[in-house]
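Following: one structure in structure tokens, then a few remarks.
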2 protein chains.
Amino acid sequence: MPGKQQRRPDDRPDEILDAATRVFAHMGFTAARMDDVAAQAGLSKGALYLYFKSKDALLDAVVTRYSDTVAAQLMDTLVQRARTDPVAAIEFLLEQGIAVATDPETTLVPRLVMSEAPRSPEIAALYRTKLLDTFEEAMAFVLNEGVRQGVFRQVRAASLMRALMGPILSHVLLTHVFTIPGSAALSPQVYLEDLKSILLDGLHLGEAA
Amino acid sequence: MPGKQQRRPDDRPDEILDAATRVFAHMGFTAARMDDVAAQAGLSKGALYLYFKSKDALLDAVVTRYSDTVAAQLMDTLVQRARTDPVAAIEFLLEQGIAVATDPETTLVPRLVMSEAPRSPEIAALYRTKLLDTFEEAMAFVLNEGVRQGVFRQVRAASLMRALMGPILSHVLLTHVFTIPGSAALSPQVYLEDLKSILLDGLHLGEAA
DNA sequence: TGTAAATAACTGACCAGTCAGTTAGTATAA
DNA sequence: TTATACTAACTGACTGGTCAGTTATTTACA
């Protein structure tokens, strides 16, 4: 019944991390069993311990792989755009964030981290230093460019980060966690439009287009 | 060593819920033991089962008590304010949200729900229907008043809810979950000021004060 | 004294981590 | 080429400990 066993030591670590990401995010780290991860990865439980020395180490590796990848990718493009057009950089960030929110798979790790961080200072610190701090730096850069080029008002980077991340975070939560099966979801296009308008021009009735 | 045992059946349920809230939020629902909850409530484990029929039922009760209380309280004041001054209602909401974010105890249940909802559709639905839906209704009311009185532009209530809740949510997370012990926190006053300015007047350099 | 409230010892299911044994793949040599 | 010896990947049964829920017993108080 189980496919013939194979020996593919090079592919295993990533496959195990993929499996662990799904299983941990789905069932929660504590409730997830190593047998579940093994089954998902098409491996026996014992083999898991050839590649990762404990369940905790596996969680660590999942978060590290994700954080490093995303931090490198997203931040590069963000800084690059900000140099020529800070407004476009902000809009790009919102577009990406909302696009990502549409795909459940992509939000697996952030949701897992939000679940586990409260009881694991180690995971919280990992995510903070590897991803959030980098993100705040990038926001500071975009903001400074905008102010320098005369298109943004002066606010603190930490505030801007929260004001931008937050609405995307709440959208992810309402879309993937607090969804009621029957209810109509807020369309990404519509939300993006509203969000750009609120964040860039404000809620006040003004003279902007 | 243990204080003399007492029989106070009227006070127990609330005391147990208080204890469970703290313990669940701190350790996570799955990892928390019923013995921990009992100890925190100053009771034996067996006694817990006189008041709640299972661990799940206890979690349910924790979330229900919180949601009902907050939904009733906050929404009343919000709707009342919006009638006379919609801008003040929004500012009040942000002030309250940020004030609450300062006190770890008050954010215990929302953080617990965020942790458990991904793996418990039941809890997610409870929180959604008892609290989030009510909140969205209140936002729709505030918004309509603002538009009617000519102080707000027209956006969707669902979008506004996400744009307001989100920045508070991210502030709570960065303050209580992803804090690095040594690092300087963003002061509530400063953040509130920035946030009002971004959400009401927009990030764009405009003609507003 | 009677009974509801509370306790603490107990049970059974569950699971992380281990390890003795099995199998796939590779090197050696006839 | 094919038999033989060897190594490293992999398996799954097992163990020690944990914990939700139960129950026999004790305690508080009307």
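Below, chains carry the letters A, B, ... as their sequence lines are ordered, and counting in each starts from 1.
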Geometric cation-pi criterion, R12(A) with Y51(A): 6.0 Å, 45°: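 That pair does not qualify as a cation-pi contact.
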
[atom1] of [X] versus [atom2] of [N]: gap in Å, rounded?
X: D11(B); N: dA6(C); atom1: CG; atom2: C1'; answer: 15 Å
X: Y49(B); N: dA24(D); atom1: OH; atom2: C1'; answer: 18 Å
X: K55(B); N: dG21(D); atom1: NZ; atom2: C1'; answer: 12 Å
X: L43(B); N: dG21(D); atom1: CG; atom2: P; answer: 16 Å
X: E15(B); N: dA6(C); atom1: CD; atom2: C1'; answer: 14 Å
X: D56(A); N: dA16(C); atom1: CG; atom2: P; answer: 11 Å
X: F52(A); N: dT18(C); atom1: CZ; atom2: C1'; answer: 19 Å
X: L48(A); N: dC10(D); atom1: CG; atom2: C1'; answer: 11 Å

No-H, no-angle donor-acceptor pair, K45(B) side chain to dA8(C) base, under 3.5 Å: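 Such a pair does not exist between side chain and base.
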
Quiz item: R7(A) side-chain donor-acceptor pair to dA8(D) base, under 3.5 Å: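 Per atom types, the contact qualifies.
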
Approximate separation, where rounding is to 0.5 Å, of D194(B) CG and Q154(A) CD: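 Between atom CG of D194(B) and atom CD of Q154(A) there are 9.0 Å.
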
4.5 Å side-chain heavy-atom contact, L164(A) and L94(A):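 Yes; the side chains approach each other to less than 4.5 Å.
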
Within-4.5 Å side-chain heavy-atom neighbours: L131(A) and V63(A):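 The answer is no; the side chains never approach within 4.5 Å.
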
Nucleic acid contacts of residues 20-38 of chain A, taken as heavy-atom distances under 4.0 Å to DNA chain D: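 Correct list: empty, so none.
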
N-O pairing of R65(A) and D18(A) below 4.0 Å: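 Result for this pair is yes, salt bridge flagged.
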
Modelled atom types, side-chain donor and acceptor of T30(A) and R119(A), under 3.5 Å: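 Distance-only check fails for T30(A) and R119(A).
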
Heavy atoms from other residues, nucleotides or ligands near NE2 of H26(B) exceed 12 (cutoff 6.0 Å):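 Atom NE2 in H26(B) is not packed in, count stays at 12 or less.
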
Q96(A) atom CD, neighbour heavy-atom count above 12 within 6.0 Å: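 More than 12 heavy atoms, drawn from other residues, nucleotides or ligands, come within 6.0 Å of this atom.
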
Residue Y51(A), side-chain atoms from C-beta onward, closest of dC10(D), dG21(D), dT7(C):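 Between dC10(D), dG21(D), dT7(C), the one nearest the side chain of Y51(A) would be dC10(D).
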
Toward the 5' end of DNA chain D, by each residue's nearest nucleotide, S54(B) or G42(A):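 Here G42(A) is the residue nearer the 5' end.
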
Terminal helix-axis angle for the helix from dT1(C)-dA30(D) to dA30(C)-dT1(D), with five pairs defining each axis and rounding to 10 degrees: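 For the helix from dT1(C)-dA30(D) to dA30(C)-dT1(D), the axes at either end differ by 10°.
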
R12(B) vs dA6(C): side-chain N/O to OP1/OP2 distance below 4.0 Å: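 Yes, such a contact exists.
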
Parallel, tilted or perpendicular: ring planes of F29(B) versus F24(B), cut at 30 and 60 degrees: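 Geometry flag for F24(B) against F29(B): perpendicular rings.
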
